[in-house]
Engineer: 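Quick one: structure below, then a few questions.
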Amino acid sequence: MRYNPQKIEKKWQKYWAKNNWRLWRAKDNSRKRKLYILDMFPYPSGEGLHVGHVEGYTASDILARYYRMKGFNVLHPMGWDAFGLPAENYALKTKKPPQEAVRKNIKRFRKQLQALGFSYDWNREINTTDPKYYKWTQWIFLQLLKHNLAYEAEIPVNWCPSCKTVLADEEVQEGRCERCGTKVERKKLRQWVLRITAYAERLLKDLDLLDWPEGIKEMQRNWIGRSEGVEVDFKVEGKGDYIRVFTTRIDTIWGATYLVLAPEHPLSEKISPSSYQQEVKDYIQKALQKSEFERVSETKEKTGVFSGAYAINPATRERIPIWISDYVLMHYGTGAVMGVPAHDERDWEFAQKFDLPIVEVISPDGKEHSHLEKPYTGDGILINSGPFSRQKSTEAREHITLYVGGRKAVHYKMRDWVFSRQRYWGEPIPVVKCPRCGVVPLPEKCLPLKLPKIKKYQPTGKVESPLAGVPEWVETRCPVCKGPARRETNTMPQWAGSCWYFLRYLDPHNKKKLVDPKKEKYWMPVDIYIGGAEHAVLHLLYARFWHKFLYDLKIVSTPEPFMKLVNQGIILGEDGEKMSKSRGNVVNPDEVIKEYGADSLRMYEMFMGPLNFSKSWNTKSINGVKRFLNKIWNLVTTWKEEKQGKRRKREEEWHLTKEAQRRLKKTKKELEILRHRTIQKVTQDIEALHFNTAISSLMTYVNHLADFPLSYIDKKHWETLILLLSPFAPHISEELWQNYLGHRKSVGLEKWPKYNSKLTERKEFTLIVQVNGKIRGKIKAKVGISQAQAEKIARNLKSVKKYLKKKVKKVIFVPNRLINFVL
RNA sequence: GCCCAGGUGGCGGAAUUGGCAGACGCAACGGACUUAAAAUCCGUUGAGGUUUUACCUCGUGAGGGUUCGAGUCCCUCCCUGGGCACCA
């Protein structure tokens, strides 16, 4: 029979689905060691599964199957992150409820995942849009509210005019909406905000506990943006006001020749003498209208206005002008900076433009320079700095801080998380606004607060969600005073449900608790988390934040949710470009499965290269792995037929000489050694996530097996091969294991093969003979050969002798590797 | 501009600790089988050279360095991908 992947794959998928995937079920009470292997759950879009999903999900499936065979109790679940704009936009277009699209898409995704033979524990499937699930998302929000980590505030926010909703800072990229690419506008709005900054320090510090790609950790560090410096007050001349500035370079304060306030700074409008007020007012007005991105990019050139007021530099005691400029940001530091043009690029630019004095106070060589070409931003020797002149800038900082009356301070770039969205398809925020009692959280027993079915999904554009147009839902009673009140109509952002979903898998049907503490303690943390790098600062930062909050509430027992993170690389189209519909280079996994089979698709994506590389699709290369599976199929099925006598043994056609027989006996032993080495290599490679080289060594093994007449190959070779192959290509493995090698159990229930390290150890090696570092000969030698012995045989080598006429100055001997004669 | 990752045959990639560069696969070429095609199998395949069963020279983005020996370590530079970007 020929290898027919379509037929056998369907057959075994049915077999695995029997009894609700009992084979893959994770046990909550087990004495076995646990392993939680998690995929980033997909957003079930209308386009269906992408080959990029297949890559990460195959990798985690290989690990899950491998570790089960190794005797671990493996939790490997799957679910759906189904709130979000695409479903809502679909509803807008079709005028059908998003629930319907979501149901349809989930069904398709589930079918596709099952067609790939992924060994998920489907009994634990979750869906973030299920009220039974989002009840707990809302519950966590209430806890955040209770602990003063959620608040409403009138703040400048990013507004996407196309999506008609506000966006978090993390969702804005280069001034554009991450989702639709529209330029983000700046609006001052009353919004729900989560106090993620309260966790800034811990989010930063605990990165050290994690086995994550260094790049991702670095991105989070940069996003949090901790910087240590000094806060110091400048007295406003002639008034009682003080302006507090934040600086990381207090050592440059003698060079501070002016101050700058952000336009939003409370003193900006207050300090000007009347003759300056109109100009200042105009400038502030204009600055406030610009989006943050416009402030930076559209006007490359610095702008600003002199306030007319002066402050006293606490170091020099001189009066310096106070300016107002939008290059100073209100939300960072104190919203005011001291301008040190000689030692800061931005201040330099500003001083050049407005002709402000430039005073050099740090010198790399200790000398004063009459003319500066550009600012010097490094450390050096203080000059023109009163009592601190001649000191090293790095050493004087502490004393200068005391001298000017400043104190140490830490600031972060990260801001609080704008959490409300003006859209329908999200978790309703479970609060009520009562004219008498103010903002009143819903009592927990009223959860879930379900989304009502509505007719109009059209965003109002009035900074309101479409929910505002459903009076029967909005109008309610205040839980406290029972008087008439209105529900909050904003919903939560897409990220809310994914902040904690990995906890719900542990106890998906629990009606009383988010998760049973016993189960939580057993399963957490996630041991391996696989997904794309695009979530480096969004999902992964938000989830860490919520997890730390739940840790403080003692709902979870680990400070961090994901111990090891692995990013799969992007799979590019055949043309080396990002896959996109408009380019027409999208590879559809359904079609690949139809033509090559799921096993070939899985194998190919793993064989393409290291998991974390980005790589281009190549349809021709998938033939290679298909051929490999086909070869295994032919070898095992033919071997079986020969054993059953259905086919004439091929070795009868071989007239073996005595010499050939002897050689065969020797090679049989070598084959056994190869078997053990292959087990060793595949085992080590899977654990290191080097799936491409694991497959290579399987290929090498098969190539060697194929060199012999089948009757000379013991069954154990086929068994080992199939066991090693089964995590990668489970369908063909199951078929060969049960139907051709005669086993009753699923191959997934077998034990992973062991290797004998006595056999994998090398007894012989190739001794490299070098003269002056160049290879001049190779000799087979026994492991452990002494230098004297090695030297003796090496010197006798013909190809070496001719180089050794000159005197040998030195001999370098690396045991079991090489010998090098230096002339 | 700053930070991170990477640069190895025609292509994807492999190479313990600094010790045989190019495993494995794709593509290509030659051959077997076949009426033919597909499938399968065998062989060749980094570049150049010589006195061609063999040997020599060059070769891991560029240049320099350390070393008996460098794809691997150090310095300078170039290129590609990703992230951040007036954060004081």
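Lettering follows sequence order; numbering is per chain, from 1.
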Engineer: Looking at A:Glu228 and A:Lys408, does any basic side-chain N land under 4.0 Å from a carboxylate oxygen?
Structural biologist: no

Engineer: Write out a two-atom table: protein N or O, nucleotide N or O from nucleotides 49-54 of chain B, distance below 3.5 Å.
Structural biologist:
none

Engineer: Compare every heavy atom of A:Pro357 with every heavy atom of A:Pro341, then report the nearest pair and how far apart it is.
Structural biologist: CG-O, 3.4 Å

Engineer: I want to check one thing: is the phosphate of B:rG83, taken as OP1 and OP2, less than 4.0 Å away from some side-chain N or O of A:Asn222?
Structural biologist: no

Engineer: Angle between ring planes, A:Phe350 versus A:Trp323, binned at 30° and 60°: parallel, tilted or perpendicular?
Structural biologist: perpendicular

Engineer: Taking NZ, NE, NH1 and NH2 as the nitrogens, is one of them in A:Asp379 or A:Arg249 under 4.0 Å from a carboxylate oxygen of the other?
Structural biologist: yes

Engineer: Mapping A:Ser616 and A:Lys620 to their closest nucleotides on RNA chain B, which lands nearer the 5' end?
Structural biologist: A:Ser616

Engineer: In whole angstrom, give me the gap between the C1' atoms of B:rG25 and B:rA36.
Structural biologist: 30 Å

Engineer: With a cut-off of less than 4.0 Å, is there a side-chain N or O of A:Arg627 near OP1 or OP2 of B:rA27?
Structural biologist: yes

Engineer: Using the side-chain heavy atoms of A:Thr247, tell me which of these nucleotides is nearest: B:rC56, B:rA88, B:rA14.
Structural biologist: B:rA88

Engineer: Would you please indicate if the ring centroids of A:Phe234 and A:Tyr242 are separated by under 6.0 Å?
Structural biologist: no

Engineer: Heavy atoms under 4.0 Å, any strand shown: does A:Lys809 hit a base, just sugar-phosphate, or nothing?
Structural biologist: nothing

Engineer: Could you check how far NZ of A:Lys774 sits from C1' of B:rC58, rounded to whole Å?
Structural biologist: 10 Å

Engineer: Taking atom types as modelled and ignoring hydrogens, do the side chains of A:Tyr283 and A:Ser268 form a donor-acceptor contact shorter than 3.5 angstrom?
Structural biologist: no

Engineer: Are A:Lys374 and A:Glu345 within salt-bridge range, i.e. N to O under 4.0 Å?
Structural biologist: no

Engineer: Return whichever of A:Lys810 or A:Thr334 has its heavy-atom-nearest nucleotide of RNA chain B closer to the 5' end.
Structural biologist: A:Lys810

Engineer: Can you identify which nucleotide, out of B:rA23, B:rU57, B:rC3, has its nearest atom closest to the A:Ser696 side chain?
Structural biologist: B:rA23

Engineer: By the 4.0 Å heavy-atom rule, please label A:Phe613 as base, sugar-phosphate, or nothing.
Structural biologist: sugar-phosphate

Engineer: Any side-chain N or O of A:Arg817 less than 4.0 Å from the OP1 or OP2 oxygen of B:rU16?
Structural biologist: no

Engineer: With rounding to the closest Å, how many angstrom separate the P atoms on B:rC86 and B:rG69?
Structural biologist: 50 Å

Engineer: Does a side-chain N or O from A:Ser621 land closer than 4.0 Å to OP1 or OP2 of B:rA27, or not?
Structural biologist: no

Engineer: Hey, does the side chain of A:Asn618 come within less than 4.0 Å of B:rG13's phosphate (OP1/OP2), counting only N and O?
Structural biologist: no

Engineer: Can a cation-pi geometry be assigned to A:Lys302 and A:Tyr327, taking NZ or CZ under 6.0 Å from the six-membered ring centre and within 45° of the ring axis?
Structural biologist: yes

Engineer: With P as the reference atom in both, quote the distance from B:rC78 to B:rG63 in angstrom, rounded to an integer.
Structural biologist: 15 Å

Engineer: Determine the contact category for A:Leu818: base if any of its heavy atoms lies under 4.0 Å from a base atom, sugar-phosphate if only primed atoms, P, OP1 or OP2 are that close, otherwise nothing.
Structural biologist: base

Engineer: For a quick check of understanding: with a heavy-atom distance under 4.0 Å over all strands, which category does A:Ser227 fall into, base, sugar-phosphate or nothing?
Structural biologist: sugar-phosphate

Engineer: Restricting to salt bridge (charged side-chain N to carboxylate O under 4.0 Å, His left out), what partner residues turn up for A:Arg407, sequence neighbours left out?
Structural biologist: A:Glu231

Engineer: Could you write out RNA chain B as dot-bracket? Rules: Watson-Crick or G-U wobble, both distances under 3.5 Å, brackets [ ] for crossings, | for pairs with another strand, dot for unpaired.
Structural biologist: (((((((..(((......[....))).(((((.......))))).(((((...)))))..(((((..]....))))))))))))....

Engineer: Starting at NZ of A:Lys615 and ending at P of B:rG6, how long is that distance when rounded to a whole Å?
Structural biologist: 14 Å

Engineer: Can you tell me whether the base of B:rG9 sits syn or anti, using the 90° cut around 0 to define syn?
Structural biologist: syn

